[in-house]
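Convention: sequence-line order gives letters A, B, ...; per-chain numbering from 1.
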Amino acid sequence: MGIAKNFFKKVKINMSELSTLLLEWFDLNKRGLPFRKNNKPYDVWVSEIMLQQTKVDTVIPYYNAWMKKFPNIESVSEASEESILKSWEGLGYYSRSRNFHKAAKIIKKNFNSKIPESWDDFRLLPGVGDYTAGAVLSIAFNKSYVAVDGNVKRVMARLTSRKKLSQYNLRFIKSKLLKYMDKNRTGDFNQAMMELGACVCSLRNPKCEQCPINKICNAYISGKPTEYPAKVVKKTIPSHIFVGGLIRVRNKILIQKREEKMLNGLWEIPMKKINNQKNLTKDFKNFIFNEYGITVKINKVFSAIKHSYSHFNMKLIVIDCEKTTSIAKKKNMYSWIEKNQINNYAFHKVNHKVFSLFKKKTWNV
DNA sequence: CACGCGTGGCA
DNA sequence: TTGCCAAGCGT
């Protein structure tokens, strides 16, 4: 008496048509992305960095502004850290911009400001991983490298009916892609795989009936495409309470520059994680005195602003207060600025929520 | 190698 | 409302 096997039988797929079918679809259905007009190496690279874990629609305005301000490698290599961060403000994953800044300096110094075409040189630059190297080298130079992002992993997991994206399966997937990609159009092939994943072979509701390669797809034949790849269990995200202050003196407020790994180099109002709200104002006053040597008079305590980061949720209680006395003490890098100077600094997101809250309420700085 | 790293959209 | 995830990389 065997166990009933109603698992579908994996079909031996002939992938020799993959490139032809895919590119035929891509030529008719590709979106006209602004960063794919001329496929110049620098343009492609900038877009690939911005597109990491970020949606196309979010990237477009940042990309256009960046290209206007930093049209080439040399302009990036000569830019200040401040102006780089200001152009990246709000886009997230700020180390991308810091790594690109470092890479531009290396390219100016070692490669005469010309983006290297060899895998070994390009892949070693800070912020360039296997995906970005493959994408840039294939799209800008038509080199035969695969670019395997989250979309491509999902498409290939379905084509080959692999539930687990183990290192072994990923190597298998890459070898198949490399074998069957159109070597005359490697950049288009890679982008077509990604576009298919984003627009047709989507995570939740794949449009299998419209898919140009459904006849060579194991997951489609199985009738349960969303079972590939299997979902991975994620860690639950903790929540933390913070207290922060809009500390005023006359028409100015106090801001500080972050020196931690997270949001490094970005500006913020003084804020601190607290364990509970029992001694909220007392904790806040102590924090401000210990950190800046400032005593404050509290005007108003606002209800919490919520903000979600990738790995924790923040409830930020903001206190409106005025500086009463101060002693000379500088632990952090900080600055007193007027309201109209806010646009001169790169703030991280939650500060803009604070500013807009105060604008609505009692903003008379 | 599993985790830290931002933000916005969408179900 | 809350949770999930997106053209990944560094450690």
Side-chain angles (χ1 to χ4, degrees), chain A residues 26 30-31 33-36 39 43-63 85 88-100 102-103 122-140 145-156 164-168 170 177 187-199 201-205 226 229 231-240 258 260-266 268 306-315 346-353:
Chain A
F26 183 63
K30 65 184 167 187
R31 295 175 280 182
L33 305 182
F35 27 79
R36 293 290 178 270
N39 289 340
D43 304 28
V44 172
W45 189 13
V46 170
S47 71
E48 286 303 333
I49 298 168
M50 288 187 171
L51 285 164
Q52 287 168 17
Q53 301 291 284
T54 311
K55 292 264 204 297
V56 166
D57 290 343
T58 306
V59 165
I60 289 172
Y62 281 90
Y63 174 83
L85 272 177
W88 210 267
E89 181 184 24
L91 195 51
Y93 284 158
Y94 298 93
S95 63
R96 291 182 292 178
S97 68
R98 288 191 296 271
N99 281 330
F100 189 48
K102 285 182 202 160
F122 189 65
R123 174 65 179 78
L124 277 175
L125 295 165
V128 177
D130 285 347
Y131 165 78
T132 302
V136 172
L137 295 181
S138 65
I139 297 169
Y145 297 113
V146 296
V148 183
D149 74 333
N151 288 308
V152 181
K153 285 177 190 169
R154 183 175 58 256
V155 173
M156 290 304 286
K164 201 177 166 204
L165 291 169
S166 59
Q167 291 303 312
Y168 176 84
L170 285 175
L177 287 168
D188 284 345
F189 175 83
N190 284 332
Q191 291 180 86
M193 287 295 293
M194 293 188 264
E195 281 287 274
L196 189 75
C199 303
C201 193
S202 46
L203 181 67
R204 280 178 253 266
N205 299 104
T226 55
K231 223 176 91 174
V232 289
V233 182
K234 298 269 164 61
K235 226 176 70 171
T236 55
I237 295 172
S239 296
H240 301 309
R258 290 181 63 90
E260 294 145 74
K261 197 169 74 177
M262 182 181 172
L263 303 168
N264 180 278
L266 292 164
E268 66 186 3
K306 288 183 181 175
H307 188 66
S308 298
Y309 293 97
S310 51
H311 53 298
F312 69 90
N313 297 312
M314 170 186 270
K315 266 176 55 180
F347 288 95
H348 59 98
K349 179 68 189 182
V350 75
N351 292 277
H352 288 293
K353 292 186 181 177

TODO: Quickly work out the A/Leu51 CG to C/dA7 C1' distance and round it to whole Å.
DONE: 5 Å
TODO: Provide, to the nearest angstrom, the distance between the CG atom belonging to A/Asn99 and the P atom belonging to B/dG6.
DONE: 12 Å
Open item on the list: If we ignore hydrogens and angles and just use 3.5 Å, is the side chain of A/Arg258 paired with the main-chain N or O of A/His348 as donor and acceptor?
Closed with: no
Open item on the list: Could you spell out the base pairing of DNA chain B as a dot-bracket line? Use Watson-Crick and G-U wobble contacts where both distances are under 3.5 Å, [ ] for crossing pairs, | for partners on a different strand.
Closed with: .||||.|||||
Open item on the list: With a 4.0 Å limit, can you tell me whether A/Lys261 has a side-chain N or O closer than that to the phosphate oxygens OP1/OP2 of C/dT11?
Closed with: no
TODO: Mind checking A/Leu266 for me? I need base, sugar-phosphate or nothing, with any heavy atom below 4.0 Å counting as a touch.
DONE: nothing
Open item on the list: Please compare A/Tyr94 and A/Gln167 by the position of their nearest nucleotide in DNA chain B and report the one closer to 5'.
Closed with: A/Gln167
- [ ] Name the nucleic acid region contacted by A/Leu263, choosing base, sugar-phosphate or nothing; use a 4.0 angstrom heavy-atom cut-off, strictly under.
- [x] sugar-phosphate
- [ ] Can you tell me, in whole Å, how much space there is between the C1' of B/dC1 and that of C/dA7?
- [x] 23 Å
Open item on the list: Please determine whether a side-chain nitrogen or oxygen atom of A/His307 lies at a distance below 4.0 Å from atom OP1 or OP2 of B/dT7.
Closed with: yes
Task: Distance-only donor-acceptor check, side chains A/Arg96 and A/Gln52, under 3.5 Å - done: no
Open item on the list: Side chain of A/Thr132 only, heavy atoms from C-beta on: which candidate in B/dT7, C/dG10, C/dG8 is closest?
Closed with: C/dG8
Open item on the list: Looking at A/Tyr62 and A/Glu89, would you say the former's side chain and the latter's main chain have a donor-acceptor pair under 3.5 Å?
Closed with: yes
Task: Euclidean distance for P, C/dC4 against B/dG4 (whole angstrom) - done: 16 Å
Open item on the list: If you assign A/Arg154 and A/Asn313 each to the DNA chain C nucleotide with the nearest heavy atom, which residue ends up on the more 5' nucleotide?
Closed with: A/Asn313
Open item on the list: Can you tell me if A/Gln53 touches the phosphate of C/dG8, counting only side-chain N or O atoms and a distance under 4.0 Å to OP1 or OP2?
Closed with: yes
Task: Per A/Lys234 side chain, nearest of listed nucleotides B/dT7, C/dC5, C/dA7 - done: C/dC5
Open item on the list: Quick check against the 3.5 Å criterion: does A/Asp188 have a side-chain atom that pairs as donor or acceptor with the backbone of A/Ile139?
Closed with: no
- [ ] Whole angstrom is fine here: how far is it from NZ in A/Lys55 over to P in B/dT7?
- [x] 16 Å
Open item on the list: Under 4.0 Å from OP1 or OP2 of B/dT7: is there any side-chain N or O of A/Ser310 that close?
Closed with: no
Open item on the list: In whole Å, I'd like the distance from the NZ atom of A/Lys231 to the P atom of C/dA6.
Closed with: 12 Å
Open item on the list: Please classify the nucleic acid contact of A/Gly90 as base, sugar-phosphate, or nothing, using heavy-atom distances under 4.0 Å.
Closed with: sugar-phosphate
Open item on the list: It should be established whether A/Lys153 places a side-chain nitrogen or oxygen under 4.0 Å from OP1 or OP2 of nucleotide C/dG8.
Closed with: no
TODO: Could you tell me whether A/Val152 contacts a base, only the sugar-phosphate backbone, or nothing, with contacts defined as non-hydrogen atoms closer than 4.0 Å?
DONE: nothing
Open item on the list: Below the 4.0 Å mark, does B/dG4 have OP1 or OP2 next to a side-chain nitrogen or oxygen of A/Lys235?
Closed with: yes
TODO: Determine, using ring centers only, whether A/Tyr93 and A/Trp88 are less than 6.0 Å apart.
DONE: no
TODO: Select base, sugar-phosphate, or nothing to describe what A/Ala198 touches, counting heavy atoms under 4.0 Å on all strands.
DONE: sugar-phosphate
TODO: Please state whether the base of C/dG3 and the side chain of A/Thr236 form at least one donor-acceptor pair under 3.5 Å?
DONE: no
Task: Value in whole Å for how far the P atom of C/dG8 lies from CH2 of A/Trp45 - done: 17 Å
Open item on the list: If the condition is side-chain contact (heavy atoms from CB on, under 4.5 Å), which residues does A/Pro229 pass it with, not counting sequence neighbours?
Closed with: A/Arg154, A/Ala157, A/Leu165
Task: Exam field: side chain A/Ser202 to backbone A/Asn205, donor-acceptor pair closer than 3.5 Å - done: yes
Open item on the list: Regarding A/Met194, tell me which of base, sugar-phosphate or nothing describes its non-hydrogen contacts under 4.0 Å with the strands shown.
Closed with: base
Task: Nucleotide of C/dC5, C/dA7, B/dT7 approaching A/Leu203 most closely (side-chain heavy atoms) - done: C/dC5
Open item on the list: Between C1' on B/dG6 and CG on A/Leu91, what's the gap in Å once rounded to a whole number?
Closed with: 9 Å
Open item on the list: Angle between ring planes, A/Trp45 versus A/Phe122, binned at 30° and 60°: parallel, tilted or perpendicular?
Closed with: perpendicular
Task: Nearest-nucleotide 5' precedence on DNA chain C, A/Gly150 against A/Lys306 - done: A/Lys306
Open item on the list: Please check this pair: side chain of A/Lys30 against backbone of A/Ala192, looking for a donor-acceptor N/O pair closer than 3.5 Å.
Closed with: no
Task: Length of the line joining A/Ile49:CD1 and C/dG8:P, which is rounded to integer Å - done: 13 Å
Task: Length of the CE-C1' vector between A/Met262 and B/dC3, whole Å - done: 14 Å
